[in-house]
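No hydrogens, no waters, no symmetry mates; every other heavy atom, side chains included, goes into these values.
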Amino acid sequence: MEQALVHFVQLLVAGLVLGSVYALVALGFVLIYKSTGVLNFAQGEFLLLGAYVCFWMVVQCHIPFIPGFLLTFVVMAIFGVVLERLALRPMIGEPIISIIMLTIGLAAMIRAFVSIIWGTQIRTFPTVFPQKPVHFGPVIVSQVYLWTFFLSFLLLVIFALFFKYSRVGIAMRAVADDQQ
């Protein structure tokens, strides 16, 4: 009976961690949809490209993880702005299906670009968090799970505070309610 309870708690922890990651993914979809009115089908590929850029910086350029991670944010922000200016902004006023098709095309292009540059073989990211598990009595939890849950929760709180109290966040909420 005790073994079943321990197994249940470990599954519960894994479910909470996975759910927190899905909450961040959902936040990304909602943020893009509310600000543009378009469901971005290339969102996963943006994450894919960012992961490979970070992988390249950390593994192949030998940049320590934290600076490489922060530099990835800069690179991907520049990529996003360039993409918005060259591909998405000219689509203003076009039928919504055209914009959706553009995001599907962007997803395919980003996926192809990643495959050409880094190949299709599975790669492992270097370990970032300690590998030693944490023991809560008989329950054993990976530190990766704890960090993932903590960072997801922190990011969700930061987003909530940003949209509730910052001038830009309030403006974004206003535009999402009425684009006029």
Side-chain angles (χ1 to χ4, degrees), residues 14-15 17-131 142-156 158-159 162 168 172 175-176 179:
V17 169
L18 190 58
S20 68
V21 172
Y22 284 153
L24 285 177
V25 171
L27 178 67
F29 275 114
V30 168
L31 180 65
I32 292 169
Y33 181 77
K34 284 292 221 170
S35 60
T36 65
V38 175
L39 187 59
N40 183 0
F41 286 99
Q43 183 177 344
E45 280 71 16
F46 277 95
L47 179 64
L48 171 76
L49 181 59
Y52 270 101
V53 168
C54 191
F55 177 83
W56 173 73
M57 288 185 190
V58 171
V59 173
Q60 294 169 323
C61 295
H62 305 291
I63 298 173
F65 178 74
I66 298 294
F69 184 74
L70 296 175
L71 197 53
T72 298
F73 269 104
V74 173
V75 168
M76 292 307 295
I78 292 169
F79 176 72
V81 168
V82 167
L83 193 64
E84 188 271 337
R85 296 288 181 200
L86 297 179
L88 296 172
R89 187 167 293 251
M91 297 299 288
I92 293 175
E94 297 296 324
I96 196 74
I97 189 69
S98 300
I99 301 169
I100 290 173
M101 293 305 295
L102 176 68
T103 67
I104 292 171
L106 284 172
M109 287 177 53
I110 292 171
R111 205 174 317 118
F113 175 78
V114 167
S115 296
I116 290 168
I117 300 297
W118 288 285
T120 58
Q121 63 273 19
I122 296 173
R123 303 194 184 257
T124 55
F125 211 84
T127 56
V128 177
F129 302 109
Q131 296 299 303
S142 168
Q143 286 192 40
V144 173
Y145 281 10
L146 296 175
W147 278 103
T148 301
F149 183 77
F150 170 74
L151 291 174
S152 297
F153 185 77
L154 179 67
L155 287 171
L156 288 170
I158 289 170
F159 269 106
F162 171 77
V168 173
M172 288 177 72
V175 169
Q179 291 190 359

*Asks:* Once you round to the nearest 0.5 Å, how far does CD of Glu94 lie from CE of Met101?
*Replies:* 14.0 Å

*Asks:* Can you give me the closest heavy-atom contact between Leu86 and Pro90, atom names plus distance?
*Replies:* O-CG, 3.5 Å

*Asks:* Roughly how far, to the nearest 0.5 Å, is CZ of Phe65 from CZ of Phe125?
*Replies:* 5.0 Å

*Asks:* Filter on side-chain hydrogen bond (donor to acceptor under 3.5 Å, both in side chains), then keep only pairs touching residues 111-121, sequence neighbours left out; what's left?
*Replies:* Glu45-Arg111

*Asks:* Determine the minimum heavy-atom distance between Phe29 and Asn40, stating which atoms define it.
*Replies:* CE2-O, 3.5 Å

*Asks:* In Å and rounded to the nearest 0.5 Å, what is the CG to CE distance from Leu47 to Met76?
*Replies:* 8.5 Å

*Asks:* Tell me, with the steps shown, if Ile117 and Trp56 meet side-chain contact (heavy atoms from CB on, under 4.5 Å).
*Replies:* CA-CA 10 Å; Ile117 300 297; Trp56 173 73; over 6 Å; no

*Asks:* Output, in order, the C-alpha distance, side-chain angles, deciding distance and verdict of ring-ring contact (aromatic ring centres under 6.0 Å, His included) for Phe73 and Phe69.
*Replies:* CA-CA 7 Å; Phe73 269 104; Phe69 184 74; 5.1 Å; yes

*Asks:* Are any side-chain N or O atoms of Thr103 and backbone N or O atoms of Phe41, one a donor and one an acceptor, separated by less than 3.5 Å?
*Replies:* yes

*Asks:* Answer whether the closest heavy-atom distance between the side chains of Ser142 and Phe129 falls below 4.5 Å.
*Replies:* no

*Asks:* Give me the atom names and distance for the closest heavy-atom approach of Gln43 to Ile32.
*Replies:* OE1-CD1, 4.0 Å

*Asks:* Of all the heavy-atom pairs spanning Ser20 and Val17, show the shortest one and how long it is.
*Replies:* OG-O, 2.6 Å

*Asks:* Are there more than 12 heavy atoms of other residues, nucleotides or ligands under 6.0 Å from atom CZ of Phe159?
*Replies:* no

*Asks:* Hey, which of Leu71, Val58, Thr72 is the one that makes side chain to side chain contact (heavy atoms under 4.5 Å, CB included) with Ile63?
*Replies:* Leu71

*Asks:* Counting only heavy atoms not in Phe153, do more than 12 fall under 6.0 Å of its CZ?
*Replies:* no

*Asks:* Ignoring hydrogens and angles, tell me if any N or O in the side chain of Ser152 forms a donor-acceptor pair with the backbone of Phe149 under 3.5 Å.
*Replies:* no

*Asks:* Nearest 0.5 angstrom please: Leu27 CG to Leu155 CG, how far?
*Replies:* 9.0 Å

*Asks:* Please determine whether side-chain contact (heavy atoms from CB on, under 4.5 Å) holds for the pair Val53 and Met57, giving the CA-CA distance in whole Å, both sets of side-chain angles, and the decisive distance to 0.1 Å.
*Replies:* CA-CA 6 Å; Val53 168; Met57 288 185 190; 3.6 Å; yes

*Asks:* Roughly how far, to the nearest 0.5 Å, is the CD1 atom of Ile99 from the CD1 atom of Ile104?
*Replies:* 12.5 Å

*Asks:* Does Phe46 have more than 12 heavy atoms from other residues, nucleotides or ligands lying within 6.0 Å of its CZ?
*Replies:* yes

